[in-house]
Amino acid sequence: MKEKVLQNKKNGIAMLLLLLVQYAGAGVLTAVGAVLLDRQGGVPAGALLTVGIVWLALGWIPFCGLKVLKPQEALVLTLFGKYVGTLKEEGFYYVNPFCSAVNPAAKTRLNQSGDVDGGTAKAAAAAASQMGEAAGRRISMKIMTLNNNRQKINDCLGNPVEIGIAVMWRVVDTAKAVFDVDNYKEYLSLQCDSALRNIVRIYPYDVAPGVDTTGDGVADEGSLRGSSEVVAERIRREIQNKVSDAGLEILEARITYLAYAPEIAAVMLQRQQASAIIDARKMIVDGAVGMVEMALERLAEKNTVELDDERKAAMVSNLLVVLCGNHDAQPVVNSGSLY
């Protein structure tokens, strides 16, 4: 379905005044016809009265053609089931009174900006009463933010993680959004869930050896935690590819929540702590070895004291114990000879 934007003149005010004048004229015509029929009788008086009554009874129908649009709103119009066109610019319009506005997603409530019902039927009824039927059939062209529920997904290593995303989107083709899919809001939500699962399964939570996340056959350091912007951009492209047929544009996707699933969170925390302890120990040992080497070189350069291999080994052992220990050393001072 191809969108057809109507370039109607914004003549709603002129038509409203004209219809009010005609309605007032019908009232006057009815009153005059009643008076003449009562005084003189005859066919002309009866005809005037009949025309006035019929217009008063049916004169409200042309008022249905008055349409008001706010900025960033659109109205998809159909006439007896046929797509007529879309009104997009703000203003006061007059269209065929038999045209009806179509928006199959008018009553759909998602966790998104400007469209949240709190999960209760009462809130949905209140929102519908505030908008009115006509207002509810308008399609918002504003940028919306969709916050889908957190999902539990296995990463590429099989570890369950919980992840949530926020998607900024808007409608760009009203005809596709209304006619090409059953409900474009629900369609978007389902495609977001599907795209999120497809992308998350490619990445590990943390950097892991031998994992190819780009698909080029070369292992890289991509991960959900360390490459969040890259992951979010891939999710955005994946969603855009799926919702283009629905006339939607995905502007941005952001990861709003990322954590291990509760059943393995404690184990993974211990693993991270163990890895951090090992890295810290490696750094301490490297630094201690460097300090011992420097001490031996300085003593040898200045000939401060001559040590044989056994004494050097004892000195190295003592220095490593002092430098690598978790607690402050308690030295034993030898006040006698060197040996």
Side-chain angles (χ1 to χ4, degrees), residues 110-113 143-170 172 186-290 293 324:
L110 301 175
N111 292 326
Q112 58 187 14
S113 60
I143 298 175
M144 305 289 286
T145 303
L146 171 63
N147 292 308
N148 261 18
N149 295 328
R150 298 174 185 173
Q151 295 189 64
K152 184 185 293 185
I153 308 172
N154 291 339
D155 64 2
C156 69
L157 300 179
N159 299 320
V161 298
E162 289 186 349
I163 186 171
I165 59 171
V167 178
M168 275 62 77
W169 65 280
R170 65 182 176 186
V172 293
E186 293 181 354
Y187 182 80
L188 171 65
S189 179
L190 292 175
Q191 296 303 329
C192 287
D193 292 343
S194 175
L196 182 62
R197 289 185 177 275
N198 291 340
I199 300 301
V200 170
R201 289 172 180 171
I202 301 175
Y203 289 85
Y205 183 88
D206 274 320
V207 178
V211 176
D212 175 24
T213 61
T214 59
D216 57 1
V218 180
D220 53 69
E221 297 183 352
S223 66
L224 295 175
R225 192 177 69 169
S227 308
S228 58
E229 293 186 0
V230 177
V231 175
E233 178 59 23
R234 292 189 67 175
I235 294 174
R236 187 199 68 80
R237 293 199 301 266
E238 181 80 7
I239 299 174
Q240 183 63 70
N241 292 335
K242 294 178 178 293
V243 302
S244 295
D245 294 337
L248 305 180
E249 179 185 7
I250 308 301
L251 302 175
E252 188 178 11
R254 289 293 179 183
I255 296 176
T256 57
Y257 181 84
L258 178 63
Y260 280 114
E263 57 266 25
I264 67 166
V267 176
M268 289 301 176
L269 178 60
Q270 292 178 356
R271 178 181 177 183
Q272 291 177 357
Q273 291 174 344
S275 177
I277 292 173
I278 292 173
D279 293 339
R281 287 295 180 185
K282 287 182 179 179
M283 186 178 297
I284 291 174
V285 171
D286 291 341
V289 171
E293 291 177 349
C324 297

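If you take CD1 on Ile202 and CG on Asp212, they are separated by 9.5 Å, rounding to the nearest 0.5 Å. Distance check, rounded to the nearest 0.5 Å: CG of Asp155 to CG of Leu224 gives 6.5 Å. Distance CD/Glu162 to CG/Asn149: 11.5 Å, rounded to 0.5 Å. In this structure, Ile165 CD1 and Tyr257 OH are separated by 15.5 Å, a value rounded to the nearest 0.5 Å. For the atom pair Ile163 CD1 and Ile255 CD1, the distance stands at 4.0 Å (nearest 0.5 Å).
In terms of modelled atom types and a separation under 3.5 Å, the side chain of Thr213 and the main chain of Tyr203 share no donor-acceptor contact. Looking only at distances, a side-chain donor or acceptor of Gln240 sits under 3.5 Å from a matching main-chain atom of Leu248.
Shown here are the side chain to side chain contact (heavy atoms under 4.5 Å, CB included) partners of Ala288, two or more places apart in sequence or in another chain: Leu320, Leu323, Cys324. Asp216 meets the side-chain hydrogen bond (donor to acceptor under 3.5 Å, both in side chains) test with Thr214; sequence neighbours excluded. By the salt bridge (charged side-chain N to carboxylate O under 4.0 Å, His left out) test, Glu249 is found to be paired with Arg170, residues two or more places apart in sequence or in another chain being considered. Partners of Arg197 according to the salt bridge (charged side-chain N to carboxylate O under 4.0 Å, His left out) rule, which considers only residues two or more places apart in sequence or in another chain, do not exist here. For Ser227, the side-chain hydrogen bond (donor to acceptor under 3.5 Å, both in side chains) test picks out no residue, with sequence neighbours left out.
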Original post:
When you look at Glu233 and Glu252, which way does the side-chain contact (heavy atoms from CB on, under 4.5 Å) test go after all the steps?
Top reply: CA-CA 8 Å; Glu233 178 59 23; Glu252 188 178 11; over 6 Å; no
**OP:** Please assess Ile235 against Val167 for the test side-chain contact (heavy atoms from CB on, under 4.5 Å), listing each intermediate value before the final yes or no.
**Re:** CA-CA 10 Å; Ile235 294 174; Val167 178; 5.8 Å; no
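Of all heavy-atom pairs between Ser223 and Val231, the closest is O-CG2, 4.1 Å. Of all heavy-atom pairs spanning Pro204 and Cys156, the tightest one is N-SG, 3.3 Å. Considering every non-hydrogen atom in both Lys152 and Pro160, the closest pair reads CG-CB, 4.3 Å. Nearest heavy atom pair, residue Tyr187 against residue Lys242, reads OH-O, 2.8 Å.
In summary, Glu238 and Arg234 do not engage in a salt bridge, as defined by a charged side-chain N under 4.0 Å from a carboxylate O.
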Show which side-chain atoms of residues 189-196 pair as donor or acceptor with protein atoms under 3.5 Å away, not counting sequence neighbours.
unit_1, atom_1, unit_2, atom_2, d
Ser189, OG, Asn148, OD1, 3.4
Asp193, OD1, Asn148, ND2, 2.6
Asp193, OD1, Gln151, NE2, 3.1

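You'll find the side chain of Asp206 reaches within 4.5 Å of the side chain of Tyr260, heavy atoms only. In this structure, the side chains of Leu258 and Tyr205 come closer than 4.5 Å at one or more pairs of heavy atoms. For the pair Met144 and Leu188, the minimum side-chain heavy-atom distance is 4.5 Å or more.
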